[in-house]
Colleague: 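One structure follows; several queries about it will come next.
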Amino acid sequence: MPELPEVEVVRLGLVDHAVGRTVTAVTVHDVRSLRRHVAGPADFVARVTGVEIVGAARRGKYLWLQTADGDAVLCHLGMSGQFLISHPDAPTARHQRVTLDLSDGMQLRFADQRIFGGMSFSESGAELPPQIAHIARDPLDPQFDALEFDRRIRRRRTGVKRALLDQTLISGVGNIYADEALWRSKLHYARNTRHLTRREVSTLVGHVVDVMGQALAQGGTSFDALYVNVNGNSGYFDRSLQAYGREGRPCDRCGGPIRRDAFMNRSSFWCPVCQPRPRASKF
DNA sequence: GCTTGCGCCTGAATGC
DNA sequence: TGCATTCAGGCGCAAG
């Protein structure tokens, strides 16, 4: 599923294939993809039709098209969202939810199987849509403040993985990269943030940056001109994963079997040897 | 204010 | 074979 590196690859695709064009028509195939646009689909169509796209920006896993009037078309890919650049004659994509006709004759299609993602129009949101003002900067952002993150995470009273997934604390980290960064940092997912040392937080952030940077580098290589990357279901980074999805397989570091625990209605993969469960006092 | 858990969704995989 | 259930997880929201 798309996490920060995948969203960044999509943003780069939009820079190449959507920026500089005007939206000449909007077709809504499934109104559920616009549920975050509270004024309704008709209002979305009216506001987006005719906008000139002058940029594509991102914060965490949110991305938005910047318009010449200073507004934004805000998008989230959710679990399964994709943007496709297609010729109008091309067959309709499976799960195609919204279509933007562009002034160069191509179409920007938003497809989303599970409809966890969606689009909305944000007035005056070109710089930063107010709907996502609460989303923290991501660790690949040059303005990410590591000292501030250290201060805030160690003030929390929660598990370290839960904190990593909290987009108001640090954005762009999803379940997969959280498990990978924790494995590399030798931290158990339930370690209490209050008991983390500065060094542990620093190491963790470093590994988050590394794992995302590596995924981004690999994602950038598989870009196709007519397919604004991100296949919601398959990942080019799969083969590089050392914890996520590896239940029962040997840990690359110690050889012991990777374990899977239920966690927040999802899974956590961890090595019981390298990432020892914290003692009760450290929970 | 902070923390936690639920519901939204579809379709592949699994169980009976 | 066919139907029912489980599982995947980012995010907003409400409850504690």
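In what follows, every heavy atom counts, from backbone to side chain, and hydrogens, waters and symmetry copies are set aside. The sequence lines fix the lettering, A, B, ..., with proteins before strands; numbering per chain opens at 1.
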Colleague: Closer than 4.0 Å, any side-chain N/O of A/Q113 to the OP1 or OP2 of B/dC9?
Modeller: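 No, A/Q113 has no side-chain N/O under 4.0 Å of OP1/OP2 on B/dC9.
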Colleague: Can you find a donor-acceptor pair, distance only, under 3.5 Å between A/R266 side chain and C/dG10 base?
Modeller: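 Under the 3.5 Å cut-off, the side chain and the base do form a donor-acceptor pair.
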Colleague: I want to check one thing: is the phosphate of C/dG10, taken as OP1 and OP2, less than 4.0 Å away from some side-chain N or O of A/Y177?
Modeller: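 The answer is no; no side-chain N or O of A/Y177 sits under 4.0 Å from OP1 or OP2.
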Colleague: Output the rounded distance in Å from CD (A/Q82) to P (B/dC9).
Modeller: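 Nearest whole value for this atom pair: 19 Å.
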Colleague: Is there a side-chain polar atom (N or O) of A/H134 under 4.0 Å from OP1 or OP2 of C/dC11?
Modeller: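 For A/H134, the contact criterion (side-chain N or O under 4.0 Å from OP1 or OP2 of C/dC11) is not met.
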Colleague: Compute whether any side-chain donor of one residue and acceptor of the other, for A/S267 and A/R260, lie under 3.5 angstrom apart.
Modeller: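 Present: a donor and an acceptor within the cut-off.
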Colleague: Please answer whether the main-chain N or O of A/A126 pairs with a side-chain N or O of A/Q66 as donor and acceptor at a distance below 3.5 Å.
Modeller: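 The answer is yes, because a donor-acceptor pair under 3.5 Å joins these two groups.
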Colleague: Do any side-chain nitrogens or oxygens of A/R162 fall under 4.0 Å of OP1 or OP2 in B/dT4?
Modeller: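 Yes, A/R162 has a side-chain N/O under 4.0 Å of OP1/OP2 on B/dT4.
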Colleague: Would you please indicate yes or no on a ring centroid separation below 6.0 angstrom for A/F44 and A/F121?
Modeller: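 No; A/F44 has its ring centre 6.0 Å or more from that of A/F121.
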Colleague: Hey, does the side chain of A/R36 come within less than 4.0 Å of C/dC11's phosphate (OP1/OP2), counting only N and O?
Modeller: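 Result: no.
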Colleague: Tell me whether the side-chain N/O atoms of A/R157 come closer than 4.0 Å to OP1 or OP2 in B/dC2.
Modeller: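 Answer no for this pair, as no side-chain N or O of A/R157 is under 4.0 Å from OP1 or OP2.
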Colleague: Side-chain N or O of A/R260 less than 4.0 angstrom from OP1 or OP2 on C/dA8?
Modeller: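 So the side chain of A/R260 is within the cut-off, an N or O lying under 4.0 Å from OP1 or OP2 of C/dA8.
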Colleague: Can you check whether A/R35 has a side-chain N or O nearer than 4.0 Å to OP1 or OP2 of B/dC9?
Modeller: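 Indeed, a polar side-chain atom of A/R35 lies that close.
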Colleague: Please state whether the phosphate of C/dA8, meaning OP1 or OP2, lies under 4.0 angstrom from any side-chain nitrogen or oxygen of A/S267.
Modeller: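 So the side chain of A/S267 is within the cut-off, an N or O lying under 4.0 Å from OP1 or OP2 of C/dA8.
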Colleague: Looking at A/H95, does any N or O in its side chain come under 4.0 Å of the phosphate oxygens OP1/OP2 on B/dG11?
Modeller: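 Yes, because at least one side-chain N or O of A/H95 sits under 4.0 Å from OP1 or OP2 of B/dG11.
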